[in-house]
Every structure is written in C-alpha cells, then in structure tokens.
Amino acid sequence: MLVYPHRLVFLSPRQVNENTPSTVRKWLDFIKDSLDGEVEESNYGEKLFQQMIEEIRKQTIDPELLSEIKDEAAWEKAKARFTKEGRKDGWEAGLEKGLEKGQKKGVLAQQYQTIITAKQMGMEVAAIATLVGLTKTEVQEILNQV
C-alpha cells in the first residue's frame, strides 16, 4: 500500500539524456549553462528565462565585497583554531603544574594521569580513588588542581 502516490526523482544538470522530459530539460540545460558563471543568453529566448538572467545580473556580489566576506570567514576560522589550540595549551600547562604538585604530595605521575583520564571518562571520585589507591579527598584535591 502506498502512503503517498508520489515518485522521487533525482535531477542532475550534468546527466540529461533522452529520457529526461522536455519540460525539465530546458531548466536543467539552463542550470548546467550557468555553472561556469556565464549563460549563453541566446539559448533562452523565453521571457521567464530572460527575467531570471536579469535577476542574476542584479544579484552579483561585488568582487571587493566577496573578498571581504572570504577574509572574514577565514579570520573566524583562524580564531576558532587559535582558541582550540589555546585551550589545549592551557590544559597541558595545567596538567604539568598539577603533576608537579602531585609529585610533591607523593602522587606518582601515572596515578595523576589515571585520575584525570578516569574523570574525563565519567568515573565517580570514589571509583577513581579505589582504582589508584588514594582516598576520595586526595583524588578530589588533584581534580581541583586541574
């Protein structure tokens, strides 16, 4: 039983063939012709196509504005990357500092790393304490340092 009496049809301007309905073919040809940024206007004498070509002319983005938009997009992408790298650097610096403090308190670097990793994996403080052989208070102090 059909829920909807519709067909799904995929259209590709680059794959027009003899089975493409003529009513659709003209549109696909127009799209394909426009992909290189230039339309051979003489192929589209119908009023609707001429109106579309005129609208496309009006909507063209000024090259200077386009360059500015691209620069802004690149800047936003760079800022996001720098922020991510900064967080990572900060986390690593905090980890090193925490390792030093932990070593002063007699916590081995491996224990410290295990505590951090276990917490990141979502383990509870009590379970982590059992895992590394420390008290819950000692584990919590280490986690507070990071």
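The chain is numbered in sequence order, starting from 1.
Of all heavy-atom pairs spanning Pro13 and Leu28, the tightest one is CB-O, 3.4 Å. Across every non-hydrogen atom of Leu131 and Met123, the tightest pair is CD2-CE, 4.4 Å. Contact between Gly45 and Gln50 at its shortest, heavy atoms only, is O-CG, 4.0 Å. Among all heavy-atom pairs drawn from Asp29 and Tyr44, the shortest one is O-OH, 3.2 Å. In terms of heavy atoms, Val139 sits closest to Ala129 at CG2-CA, 3.6 Å. Lys119 and Val125 get closest at one heavy-atom pair: NZ-CG2, 4.4 Å.
Remark: side-chain polar atoms of Thr20 are not paired, donor with acceptor, to backbone N or O of Val16 under 3.5 angstrom. A side-chain donor-acceptor contact under 3.5 Å links Arg25 to the backbone of Asn17.
When each of Lys26, Gln51, Met52 is tested with Glu46 by the rule side-chain contact (heavy atoms from CB on, under 4.5 Å), just one qualifies, namely Lys26.
The distance from atom CZ of Phe30 to atom CD1 of Ile53, rounded to the nearest 0.5 Å, is 4.5 Å.
Within the 6.0 Å centre-distance limit, the rings of Trp27 and Phe49 are counted as a close aromatic pair.
Thr137 and Glu141 are not linked by any side-chain donor-acceptor pair at a separation below 3.5 angstrom, with hydrogens and angles left out of the test.
At most 12 heavy atoms of other shown residues, nucleotides or ligands fall within 6.0 angstrom of atom CD in Glu124. Counting non-hydrogen atoms of other residues, nucleotides and ligands closer than 6.0 Å to CD of Gln15 gives a total of 12 or fewer.
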Practice prompt. With side chain to side chain contact (heavy atoms under 4.5 Å, CB included) as the test, would you mind laying out the steps for Thr114 and Ile128 before giving the verdict?
Written response: CA-CA 8 Å; Thr114 302; Ile128 297 170; over 6 Å; no
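Within the 4.5 Å cutoff, the side chain of Leu134 has heavy atoms near those of the Ile142 side chain.
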